[in-house]
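Structure first, commentary second.
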Amino acid sequence: MLENFWLGTVNLFNDPLSISLFIGGLLGGMVFGAVPGINMLTLGAVILPFTVTMDPTNAVMLYATIYCSGVFGGAITAILFNIPGSPENAPTAFDGYPMTQQGKAAKAIGAAIICSSFGGLMSALLMIAATPLIAKWAVTVFGPPEIFALICFGLAVSASVGAENLWKGMLSVAAGLLISTIGTDPIDGTPRYAFDTYYLLAGIHFIPMILGLFAVSEVFMQGSKQLIGTDERPKRIDFTFPSFAEFWAAKITVARSIVIGFFAGILPGIGATLAAFLSYNEAVRWGGRNKKFGKGELEGVIASETANNAATGAAMIPLLALGLPGGALTAMILGVFQIHGMEPGPLIFQTSSDLVWTVFAAMVFANIAIFFLGYIQTKTVVHLLRIPFHFLAPAILMIASIGAYALRNLVVDIWVMFAAGIAGYFLRGSGYSVAGIVLGLILGTLAESSYIKSMQMVQYQFFDLLARPVTGVLLVLALLTIGFNIYNELRNPKSAQSA
Amino acid sequence: MAFNEKSESLLDHNESAAAERRGALIELMVWLSLAGIALILSFEFANTVGAFRYGPAFFPWIAIGLMVAGALFQAFLRLTGHHSVSRDGRPMSAEGLFRPKALGMFSIPIFYLLLLPKVGFFVSTPLFLIAYLAYLGERRPTHLIGVPLFIYALLLLVFVKLFFVPVPTGQIEIFNAVSNAIISVLQ
């Protein structure tokens, strides 16, 4: 194994073109990951045609590098401006942005850099060590019932995060689930809530929704505070990075997030987004009463960023071992293989061993590079905080608009974004959770298709699902989570007026 | 004095309780209306026969059910004076949220979106930038023109020239021509 890794490293750094592509992928992923709407998927889509002329090893290596750096890149704007660069950075904003408002931006970014680098590195090393065995286990054990149960559990926990109370959290998630049903049903393609329009038949894309609910609503809220004179923008920027003691205190969160990220990333089709949300939810669940998740808790940033980067290495496992993409970018990598007439699968380790080990080496070094490049990025980007908000606001709106338009070249996407922004303004101002809406939206379609397949598998005998150990455990945990939260809410004393 | 202070405090308390009940009812009505509309619209596709036994309306009904349950629970607890744990607090008061000047912020992006397909990105964007900056309170002429110009130049350089991101060029002929001229200069 070490020998193969060494050969992969030599392959990577032996050729000036490989080195150039590696550096280009690193920087491109970070920049594109940081710009809302123009994320690493945009970069991946743009360069896909150009990979025809590339050596397949270089092409796949480039995408793997973009994946590692792109997932990290979105954390910076998530922390500084509450604008997640990509969906997997959304949970980072829950605590990262409040930390910025408290003048602790550098601490949050420092944590994001270190955790992204560490999580990604651990994932890459695990990927190298366990690819054949873990891939086979995950694909055989995790079927639609397990995926459905995992999503139910995730949604049950997320209903308790980010909202004023449990009911508003539930309503937020329910709203997201309802929005996810717009378009066509996943089995028969029956139009739902489409009003005979082509746009709605394709469903509401989550990227304009995320841009609207996070970026645009934030601009509106900050602008509103500025207009009525309650602007709370921090003037002082603290350059204190997190200490070793703070990381050591969060060691369990880090370890748990790596495990969650790795196993969520390994599941075909789910990837870094669910990893980040699940990890954040678990950090909240196990965090204890003294923690202030949603108000600037460092562990929130640590959990999210560790998990989303830990998912990157894992997502390559089903792709390389079985030809199943772990997420959108890995689906593009599958396209790269097909362009070059290659087919990933178990035989790839025999027929293209040099490609596999070069990709492994690239991912290890990309995660190491994040550690250094991230600090440089922090020192430059954090100065954006000194700029008065009313200068930044129109720029943020424009960048978000371009990002929404670039998705499908539709002005309607910008309308959706601003509509979501207006809705987000009122929802956030009333104590609802836009994160819950986004989670319901992203996971709703997957939950529905998994549920339908599950019911067909058990001939519509729902309780047969509980007989599957993993499904049963997760569903019971989901119910216990909801029950516990309801009990907690009802336990509180009545207010004085009713006495 | 103490009696007057107590009376005033009781009056304030009663007013705030009335406002809380009003808020609870309004939120309940909003959520129930949304759920009702979604439910009524779902009957259009509910009877479609397909591969799934429960039909395409099953999952929307689950979401609607969760929405109704959450709304009713919340309203019941608030109307009966149950004090719910406020985990995160509201970032803004209701008065601040619905202040006309704050709501006026939405009008500029809406006008921009109405204008965008007709005159294109290159003509509408500088107008939007200046208008929004002015609305947020900037009055210095140098900043009112200079900052939007800088942002506009940066957007063109990064997105149009470097990344070749497509932007609307406008349906009206003259604006379309201007947009294409700018694109050819940049690229």
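These numbers were taken from a predicted model, which means no experiment stands behind them. In what follows, every chain begins at residue 1, and chains take the letters A, B, ... in the order their sequences are listed.
- When the candidates F58(B), F73(B), F106(B) are compared by the number of heavy-atom contacts under 4.5 Å with chain A, F106(B) comes out ahead.
- At a 4.5 Å heavy-atom cutoff, the contact between L155(B) and chain A is made by side-chain atoms alone.
- Between the side chain of D188(A) and the backbone N or O of A51(B), at least one donor-acceptor pair lies under 3.5 Å.
- With chain A as partner, the option from A69(B), G55(B), G65(B), P109(B) having the largest number of non-hydrogen pairs under 4.5 angstrom is P109(B).
- Under the 3.5 Å distance criterion, the side-chain polar atoms of E138(B) are matched with a main-chain donor or acceptor of R140(B).
- Across all non-hydrogen atoms, the minimal contact from R192(A) to P60(B) is NH1-CD, 3.8 Å.
- The part of Q456(A) that comes within reach of chain B is its side chain, from C-beta onward, which places non-hydrogen atoms under 4.5 angstrom from that chain.
- Checked by atom type, the side-chain pair Y152(B)/T125(B) shows no donor-acceptor distance below 3.5 Å.
- Aromatic pair H390(A)/Y135(B): centroids not less than 6.0 angstrom apart.
- Distance alone, capped at 3.5 Å, places no donor-acceptor pair between the Q171(B) side chain and the K118(B) backbone.
- Within the model, atoms CD of E448(A) and CD1 of I187(A) stand 8.0 Å from one another, a figure rounded to the nearest 0.5 Å.
- With hydrogens and angles disregarded, no donor-acceptor distance shorter than 3.5 Å links the side chain of D185(A) to the backbone of P56(B).
- At most 12 heavy atoms of other shown residues, nucleotides or ligands fall within 6.0 angstrom of atom CZ in F111(B).
- Contact annotation for F52(B): both backbone and side-chain heavy atoms come within less than 4.5 Å of a heavy atom of chain A.
- Of all the listed residues (F195(A), Y451(A), Y460(A), F391(A)), the one sharing the greatest number of non-hydrogen pairs under 4.5 Å with chain B is Y460(A).
- Contacts with chain A were tallied for A38(B), P117(B), P148(B); A38(B) has the most, counting heavy-atom pairs under 4.5 Å.
- In this structure, the portions of L114(B) lying under 4.5 Å from any heavy atom of chain A include both its backbone and its side chain.
- Within the 4.5 angstrom heavy-atom criterion, only side-chain atoms of Y405(A), from C-beta onward, approach chain B.
- The part of I151(B) that comes within reach of chain A is its side chain, from C-beta onward, which places non-hydrogen atoms under 4.5 angstrom from that chain.
- Chain B forms more heavy-atom pairs under 4.5 Å with one residue of I452(A), T181(A), L178(A), L171(A) than with any other, namely L171(A).
- Heavy atoms closer than 4.5 Å to chain B are found nowhere in P98(A), neither backbone nor side chain.
- Chain B is approached within less than 4.5 Å, heavy atom to heavy atom, by I414(A), W415(A), F418(A) from residues 412-420 of chain A, ordered by number.
- The existence of a salt bridge linking E297(A) and K295(A) is excluded, since no basic side-chain nitrogen approaches an acidic carboxylate oxygen closer than 4.0 Å.
- For Y112(B), the part sitting under 4.5 Å from any heavy atom of chain A is the side chain, from C-beta outward, and nothing else.
- Listed by chain and number, the residues in a side chain to side chain contact (heavy atoms under 4.5 Å, CB included) with I26(B) are V30(B) (sequence neighbours excluded).
- Across S430(A), S224(A), S217(A), a single residue satisfies side chain to side chain donor-acceptor pair (under 3.5 Å) together with Y425(A), and that is S224(A).
- Neither the backbone nor the side chain of L154(B) comes within less than 4.5 Å of any heavy atom of chain A.
- Contact detail for F220(A) and M105(B): the closest heavy-atom pair is O-CE, 3.0 Å.
- For I486(A), no part lies near chain B; criterion is any non-hydrogen pair under 4.5 Å.
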